[in-house]
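Data first, discussion second: the structure below is written as structure tokens.
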Amino acid sequence: MQRSIPDDFILGAATAAFQIEGAAFEDGRTASIWDAFSRVPGAVIDGHNGDVACDHYHRMPADVALMRDLGLQVYRFSTSWARVRPDGGEPNAKGIDFYSRLVDELLAADIMPWLTLYHWDLPQALEEQGGWTSRDTAHRFVEYALTVHDALGDRVQNWTTLNEPWCSSFLSYTAGAHAPGRQSVEAGLQAGHHLLLAHGMAVGALREAGAERVGITLNFQPAEPIDPTSASDLEAARRLNDQYNRFFVHPIMTGEYPESLVRDVGPLGLDAVVQEGDLEIIAAPIDVLGVNYYHDDAVSYETPEVPVVNDAPTDRPIASPYPAAEGVQAHPRGVPTTNMGWEVNPAGLTKLLRHLHDEYTAAKGVELWVTENGAAYDDEVVTDASTGEARIHDAERTEFLRGHVGAVLDAVEAGVPVKGFMYWSLMDNYEWAWGYHKRFGIVRVDYETQERTVKDSGRELSRMIRERTL
Ligand code: BGC
């Protein structure tokens, strides 16, 4: 039976500056931590870097035209700090102009721009002054946010401060899997807190500057106990949920770190970094909570099978990003997995949205949007016998997309007012430590020619938007 998609449910796709733009050192842009990290031997598979990526910086008008042809209603992108304020210093007119043109193209194509200020690409010069372990970086972030708002605030309504601060703190400063590749429990906790602070300070500043709708995007990877009657499995799930999910959403929505989390990681460096008044700033009211969901996990301390962290594509040793969850293991549930090894479980998204609504957003009238959800698969390009056109029949990704949009509609029908869904990603791109080896796009990018080819999943998203059915 065909299911209808409500007319006011907004569908689109997402990208991030470092993953698609290329032009890494053009028009005044200077190095970000990812430019530096990708040059560290063994940090990224095959030493891939973002110098060219999808060359979006030079192909932007054509990429927006492609989005228009697909009928996207919303496009989530990020601005590059190192382009807008190179080295974290003075504003760079040429860098700002690129985003101004992007916004104009989007508006002309009737696509709603959704702007994220920080998708992991800190200027390397600021990292050299301490990066996110330094409180000063939060102040610098506010300056940068206001520069972007000054230039685009007249045309952009949706302002997201940070994308997935868990990744830019624990995965980057504790595990060392992402830039800047540090491995310190204390540094991760400092980074996590300073990112939250940067978010709260920027929310205040953006509002004062007149920003219409302000929010943050968090990644959720809910942990379920394998055996809900086992005290030890419950504790394993509790620790992971505290250190992955609640570390960020809880203080933003309630003005406090969860008590159980503070018991675990307070003495490891969190207590020392929190100053009086910080939590009040962090809890600045937001309009939108962006939810990124890829998968959930069944966990336990028992019978180790798969480490919870599998983001270690090279031989370089990666530390655990969970300072107080040593020994917690994820266990395969026998469901299909994507090319990242992540379990496919759309029902986990419905459950997460219901939980966030009940626990946090309903009472405060904060809107929920799915700002990322998607899957990497190996794609094969085939030639259509009748038309001679290149086609990518990515049945698994298409099914993934349909399943997860359906899961969001399940939440909507259960009374959770989720406003929209953005697929990750518009096009294949630089998948961080995996380089160009993982393809998440609904549009294929041939990195030799930079040719774009819409995959079947892209055609399906386009059809959903046009026909409003699933
Ligand atoms: C990030 C994206 C990334 C995607 C797939 C999300 O955590 O925001 O930048 O490409 O996951 O790993």
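Both ligands and their constituent atoms are indexed starting at 1 by order of listing. Below, each value reflects all heavy atoms present in this structure, side chains not excepted, and no hydrogens, waters or symmetry copies.
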Q. Among all residues two or more places apart in sequence or in another chain, which pass the side-chain hydrogen bond (donor to acceptor under 3.5 Å, both in side chains) test with Glu212?
A. none
Q) With Asp264, which residues qualify under salt bridge (charged side-chain N to carboxylate O under 4.0 Å, His left out), at least two apart? A) Arg238, Arg239
**Q.** Sub-4.0 Å heavy-atom environment of ligand 1, residues by chain
**A.** Gln19, His119, Trp120, Asn163, Glu164, Tyr294, Trp342, Glu372, Trp424, Glu431, Trp432, Phe440
(Q) Applying the side-chain hydrogen bond (donor to acceptor under 3.5 Å, both in side chains) criterion to Asn163, which one of Thr217, Thr116, Asn292 satisfies it? (A) Asn292
Q) Knowing that exactly one of Trp424, Tyr436, Phe440 qualifies, which makes a side chain to side chain contact (heavy atoms under 4.5 Å, CB included) with Asn429? A) Trp424
(Q) Tell me if the centroids of the rings in His193 and Trp132 come within less than 6.0 Å of each other. (A) no
Q | Contacts of Thr160 that satisfy side-chain hydrogen bond (donor to acceptor under 3.5 Å, both in side chains) - sequence neighbours left out | A | Trp114
